[in-house]
Amino acid sequence: VLVGCGASKDYTPPAGASGENIFSTACTECHKPLSANVAMILSEKVANKEAIIKKFQSGSMRMPAFKNIQGEAADRLADYVLANSEVK
């Protein structure tokens, strides 16, 4: 059972938070980094900035929506995920 997954989250990143800091705070409860250099494995379908932002803002059946990650914070998080993930 994934604790805390499947609902909306009220987390709002602090101003100027790095993508790595946002990922560490908001995402690692369910998405444990696979290694020091690989945060996630992405499908080709979501291996682009727009899809990643839509995914974390909207959520899905098992993933909560993080509606408060907006603007530059959303861009930084998506950039971090893309730069530190592998595509399968």
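These figures come from a predicted structure and were not determined experimentally.
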Worksheet item: By salt bridge (charged side-chain N to carboxylate O under 4.0 Å, His left out), which residues pair with Glu72, not counting sequence neighbours?
Response: Arg76

Item to complete: Apply side chain to side chain donor-acceptor pair (under 3.5 Å) to Asn21 and list each qualifying residue two or more places apart in sequence or on a separate chain.
Response: none

Worksheet entry | Non-hydrogen atoms of Ile53 and Ala78 that approach each other most closely | CG1-CB, 3.7 Å

Worksheet item: Residues two or more places apart in sequence or in another chain: which of them pass salt bridge (charged side-chain N to carboxylate O under 4.0 Å, His left out) with Lys49?
Response: Asp75, Asp79

Discussion item. My understanding is that only residues two or more places apart in sequence, or in another chain, count here; which of them pass side chain to side chain contact (heavy atoms under 4.5 Å, CB included) with Ser58?
Written reply: Lys54

Item to complete: Indicate the atoms forming the closest heavy-atom contact of Asp10 with Asn68, along with that distance.
Response: O-ND2, 3.1 Å

Worksheet item: Closest approach of Tyr11 and Pro14, non-hydrogen atoms and distance?
Response: OH-CD, 3.8 Å

Item to complete: Please collect all ring pair (Phe, Tyr, Trp, His ring centres under 6.0 Å) contacts where either partner lies in residues 21-42, sequence neighbours excluded, each pair once.
Response: Phe23-Tyr80

Worksheet, complete the sentence: Residues Ile69 and Ala26: closest non-hydrogen pair is CD1-CB, 4.3 Å

Response to the item:
Residue pairs meeting side chain to side chain donor-acceptor pair (under 3.5 Å), one or both in residues 33-48, sequence neighbours left out, come to none

Practice prompt. Compare every heavy atom of Val87 with every heavy atom of Ala47, then report the nearest pair and how far apart it is.
Written response: CB-CG2, 3.7 Å

Worksheet item: Looking at CG of Leu82 and CE of Met40, how far apart are the two atoms once the value is rounded to the nearest 0.5 Å?
Response: 10.5 Å

Item to complete: Rounded to the nearest 0.5 Å, what's the gap from OG1 on Thr25 to NZ on Lys9? Could you check?
Response: 12.0 Å

Worksheet item: Do Leu34 and Leu42 share a hydrophobic cluster (ILVMFWY, side-chain heavy atoms under 4.5 Å, transitive)?
Response: no

Worksheet, complete the sentence: Shortest non-hydrogen pair, Pro33 vs Thr28, comes out as CD-CG2, 4.0 Å

